[in-house]
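What you are looking at is a predicted structure, and each value in this text was computed from that prediction instead of being measured. Letters A, B, ... mirror the listed sequences (proteins, then strands); counts begin at 1.
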Amino acid sequence: MKYWLMKSEPDEVGIDHLAASPQAAFPWFGVRNYQARNFMRDQMQVGDLVLFYHSSCEEPGIAGIAKVSSTAYPDATQFDVTSKYYDPKSTQENPRWVHVDVQFVSKTTFLSLSKMKEDPLLSDMLVLKRGNRLSITPVSEIDWQYIAEKIGFSAGA
DNA sequence: GCCAACGTTGGC
DNA sequence: GCCAACGTTGGC
């Protein structure tokens with residue numbers, strides 16, 4: 001069981017979208033970065049927990065918890081010529097981009113990026129590293145436990 | 001809207 | 001395989 005932080009733009013898919021359909025599987029489509037893809041393909045397992053992070057918005061930060069609900073499979077948008085995620089170099093036989101599904105777990109107390117930056121205990125988080133643009137980053141167990149407590153999430157609930 | 005950081009592309 | 005040019009991310 002691993003822990004992750006996944007960035008999403010709330011204008012497109014925010015925590016409220018997931019909360020509105022708590023049983024639904026949301027394909028995490030649109031990742032076009034090899035490192036992020038490899039995390040999904042090689043390391044994510046069903047049941048892994050995710051810090052759901054809002055980016056490119058008025059106040060960036062962690063807005064809730066989701067979980068990985070499928071293993072990786074091909075991203076349909078890479079074959080869709082009308083999609084902005086279309087990739088002409090990808091084929092059905094040899095798809096370049098895969099993704100997992102995620103499912104809603106909980107909304108939490110909002111933990112803003114600025115608060116995260118202020119906290120020396122979180123200074124090792126990859127998402128806070130200078131220049132980091134990865135949309136998916138692993139989160140250590142220590143950091144997970146600390147943040148979970150901070151935002152009022154308990155795993156058993 | 002700006003721009004720093006960084007990934008990708010493509011010519012050579 | 002180098003690296004300049006270009007595109008994208010994402011906080012501010």
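- A side chain to side chain donor-acceptor pair (under 3.5 Å) with A:Thr77 is found for exactly one of A:Lys84, A:His99, A:Arg32, namely A:Arg32.
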(Q) Does A:Asp87 form a side chain to side chain contact (heavy atoms under 4.5 Å, CB included) with A:Trp97? I'd like the steps, not just the answer. (A) CA-CA 9 Å; A:Asp87 184 346; A:Trp97 304 110; 2.8 Å; yes

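- A:Ser106 and A:Thr108 share no donor-acceptor pair across their side chains, judged by distance under 3.5 Å alone.
- Atom P of nucleotide C:dC12 and atom CD of A:Glu58 are separated by 13 Å, given to the nearest angstrom.
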Q. Going through the checks in order, is the side chain to side chain contact (heavy atoms under 4.5 Å, CB included) test met by A:Asp143 and A:Asp124?
A. CA-CA 9 Å; A:Asp143 286 343; A:Asp124 64 330; 3.0 Å; yes

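- In this pair, A:His54 and A:Phe110 present their aromatic rings tilted. The plane angle is within the 30 to 60° band.
- Using a 4.0 Å heavy-atom criterion, one finds that A:Lys117 contacts the sugar-phosphate atoms exclusively.
- Rounded to an integer number of Å, the gap from A:Lys115 NZ to C:dG11 P is 17 Å.
- Taking CZ of A:Phe39 as the start and CG of A:Asp48 as the end, the distance is 12.5 Å to the nearest 0.5 Å.
- The separation between A:His54 atom NE2 and C:dG11 atom P is 12 Å, rounded to whole Å.
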Q. Which parts of nucleotides 1-9 of chain B does protein reach within less than 4.0 Å, heavy atoms only, written one letter per nucleotide 5' to 3' as B for base, S for sugar-phosphate only and - for none?
A. ----BBSS-

